[in-house]
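The structure appears right after this line, and notes come after that.
Every number for a ligand or one of its atoms is a count from 1 in the order of the listing. All heavy atoms count here, side chains included; hydrogens, waters and symmetry mates do not.
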Amino acid sequence: MTPKTETEVCVLGGGPAGAVIARRLAQLGHDTILIDRSVQPSQPRVESLAPSILPILDSLGLRDCLAAAAFLRETRALIRWSTADVEERSFDAPSSLVVRSRFDARLREAASVAGARVMSKTIARAAARRSGGWTIPVKTPTGPLIIESAFLVDARGKRAGGNVKDQHPRTVAISGIWKHADPSFAQTRIDAGTDEWFWGSPVAEGLYSAAVFVDASRAAGLNSARRADLYRRLVSRSRLLKGLLRGQLTGMLTTRDATGSISQPLIENDFIRVGEAAFSIDPLSSQGIQTAILSAVQGSAAVHTILTGAAAEPAIEFYHTSQQRAASQAARHAAQHHGSRQHSTASSFWRQRSQGVAEPSSKKLADMSSRAPLPARVRVSPALQIIETPVLTGSLVELSPALCHPGLDAPVAYLKGIPLAPLIADVRHMSGSEEIVALWAQRLKPEPAQNMLRWMCAVGIMVPAT
Ligand SMILES: Cc1cc2nc3c(=O)[nH]c(=O)nc-3n(C[C@H](O)[C@H](O)[C@H](O)COP(=O)(O)OP(=O)(O)OC[C@H]3O[C@@H](n4cnc5c(N)ncnc54)[C@H](O)[C@@H]3O)c2cc1C
């Protein structure tokens, strides 16, 4: 008879999303098992983390994991994208190149330290719903095991193959690692080709990883020799990477799906998808890992809210809406980025990837820096409504009053951590801009108070009064 174990939460997949949600749920007091098959890749997989991940890791107390896995911090990259010329672009804050297996292992260790039971080298088979939870057969290094769990988290990455909706044009990345003797291959190189784009980065001294992103149809049905031919041919067309052909390709090529997509359902009363199992974004942004971690953080609050018996519906609505919104925003950025490649007549590869994503109707939320002069008298727009909306408050999802206005993409409860509904309640019967700023300054200090009023005027929440 197969041995059994019980848990409150079972997380399938110990990549960044799975490790972070398992850690958060364990910290919040939930009995949590994290299952990961932890396959050692045949070639080191190097990815770049944009500096925008740092505040997220800091807020989670996980910056050490990055420090342990990063082998290079880059403030410069060679880019050939919006013009035919190569530019050496400098960045104020460095991006970190990490070896993924090392980074993921550190995140799983952090989950274990927080109390999650981490089962490594363990493969999850198809989970089945039963009354009151899930039955998950797994294959451990010492034999089969059945896990019975009240809640199931799918963090198996894109390969989980949920019911995928909104698939963008299918893209695959073919990557190889080159041994070379050229010291100039010491930094990231990004190159836009005619029907493809390239991303290269150092892996270690004398080793350089080069990936080519092509429409999936070009690589479909090719055996490994023909795929290698295609890869070499494409690399030879890249002005920034063709120098690698003087070196030697080491090991096997890897081919990965690099298509942006979103799966459904994202969340139910006893089930959630996080990270790339929920949605994936175009790798062009270098923000896939941080997006996966954010989805795990938001997911942990939704799961915690459901498991503690608080209202499940707002938690489900919050998670569903936040993931949909993040996926659409990422798709818009990717489309803009593809569209900014203008240095020759755009082929269908570029046209398809820069189309079909509507611009958001609202003003940018975080933009409180407008310097436009304020009208002397303003009033609250008659189109403004205050509605209850689910928001993340610490580790729970709760209903909170939010501003709902045609100038906003979605109801907004907080802006830069400031609750907005009380500000509106303060000024319902006031109209002098100076008077409003002075009143809000008691809550926010003068400059933020003025910026807040400017932003509300820019969005149309406050309108000129006669
Ligand atoms: C070519 C390419 C380049 C990229 N470059 C970057 C980059 O530079 N920067 C960046 O931020 N993002 C990049 N990304 C995106 C990034 O890789 C993903 O966003 C990130 O890996 C998502 O994390 P995750 O935890 O959701 O999924 P994954 O990292 O895929 O983790 C899933 C985990 O689940 C495990 N698993 C799967 N099935 C099972 C099972 N049945 N049983 C047990 N365990 C299982 C896997 O072993 C894995 O550990 C790139 C993506 C591609 C395709």
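- Close contacts of ligand 1 with A173, meaning ligand atoms under 4.0 Å from a residue heavy atom, involve 1 (C).
- Aromatic ring centroids of W178 and Y208 lie 6.0 Å or more apart.
- At a 4.0 Å heavy-atom cut-off, ligand 1 does not touch V138 at all.
- The ligand atoms of ligand 1 that sit less than 4.0 angstrom from a heavy atom of R100 are 16 (C), 17 (O), 20 (C), 21 (O), 29 (O).
- For P16, heavy-atom contacts with ligand 1 shorter than 4.0 Å involve the backbone as well as the side chain.
- The shortest N or O to N or O distance between S38 and ligand 1 is not below 3.5 Å.
- Annotation: cation-pi geometry satisfied between R353 and F349 (NZ/CZ under 6.0 angstrom from ring centroid, within 45° of ring axis).
- Using a cutoff of 4.0 Å between basic side-chain nitrogens and carboxylate oxygens, R80 and E88 are not scored as salt-bridged.
- Contact analysis leaves A211 out of contact with ligand 1, as no non-hydrogen atom separation drops below 4.0 angstrom.
- Ligand 1 has no N or O atom lying under 3.5 Å from any N or O atom of D104, backbone or side chain.
- Residue pairs meeting the ring-ring contact (aromatic ring centres under 6.0 Å, His included) criterion with at least one member in residues 256-312, sequence neighbours excluded: H30-H304, W134-F271.
- Ligand 1 does not have K158 within reach: every non-hydrogen atom of the residue lies 4.0 Å or more from it.
- Below 4.0 Å from some heavy atom of A17 lie the following atoms of ligand 1, by number and element: 25 (O), 26 (O).
- Looking only at side-chain heavy atoms (C-beta outward), R23 and T32 stay at 4.5 Å or farther from each other.
- Counting only non-hydrogen atoms, the option in G13, S201, S48, G15 that gets closest to atom 8 (O) of ligand 1 is S48.
- Within the 3.5 Å criterion, the main-chain N or O of F103 finds no donor-acceptor partner in the side chain of R108.
- Atoms of ligand 1 lying under 4.0 Å from any heavy atom of Q287, numbered from 1 in the order shown and given with element: 11 (O).
- For ligand 1, the atoms closer than 4.0 angstrom to any heavy atom of G275 are 26 (O).
- Interface of A292 with ligand 1, defined as ligand atoms under 4.0 Å from a residue heavy atom, comprises 22 (C), 23 (O), 26 (O).
- Looking at D182 and R246, a side-chain N of the basic residue comes within less than 4.0 Å of a carboxylate O on the acidic one, giving a salt bridge.
- For R45, a nitrogen or oxygen atom sits less than 3.5 Å from a nitrogen or oxygen atom of ligand 1, counting backbone and side chain alike.
- Using a 4.5 Å heavy-atom cutoff, the side chains of E148 and C10 are not in contact.
- The side chain of R256, and not its backbone, has at least one atom closer than 4.0 Å to an atom of ligand 1 (non-hydrogen atoms only; side chain from C-beta on).
- Every atom of ligand 1 is numbered from 1 in the order shown, and the set under 4.0 Å from a heavy atom of D257 is 53 (C).
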Requested in this report: Apply side chain to side chain donor-acceptor pair (under 3.5 Å) to T188 and E74, showing your working.
Outcome: CA-CA 8 Å; T188 291; E74 291 191 306; 2.5 Å; yes
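- Residue G288 has at least one N or O atom closer than 3.5 Å to an N or O atom of ligand 1.
- Ring pair W81/W199: centre-to-centre distance not below 6.0 Å.
- Proximity of A19 to ligand 1, defined as any heavy-atom pair under 4.0 Å, is not found for any part of the residue.
- Considering only heavy atoms from C-beta on, K121 stays 4.5 Å or farther from R37 through its side chain.
- Near A124, meaning under 4.0 Å from any of its heavy atoms, are these atoms of ligand 1: 40 (C), 41 (N), 42 (N), 43 (C).
- Taking a cutoff of 4.0 Å between a charged side-chain nitrogen and a carboxylate oxygen, E47 and R45 qualify as a salt bridge.
- Residue contacts with ligand 1: I289 is placed with a nitrogen or oxygen under 3.5 Å of a nitrogen or oxygen of the ligand (distance criterion only).
- For I53, the closest heavy-atom approach to ligand 1 does not fall below 4.0 Å.
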Report, one line per pair, each donor and acceptor closer than 3.5 Å where one atom sits in a side chain of residues 60-67; sequence neighbours left out.
residue: R63; atom: NE; partner: D58; partner atom: OD1; Å: 2.8
residue: R63; atom: NH2; partner: D58; partner atom: OD2; Å: 2.9

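- At least one N or O atom of D36 sits closer than 3.5 Å to an N or O atom of ligand 1.
- On a distance-only criterion, R108 and ligand 1 share no N/O pair closer than 3.5 Å.
- Counting heavy atoms from C-beta on, the side chains of P144 and K139 never come closer than 4.5 Å.
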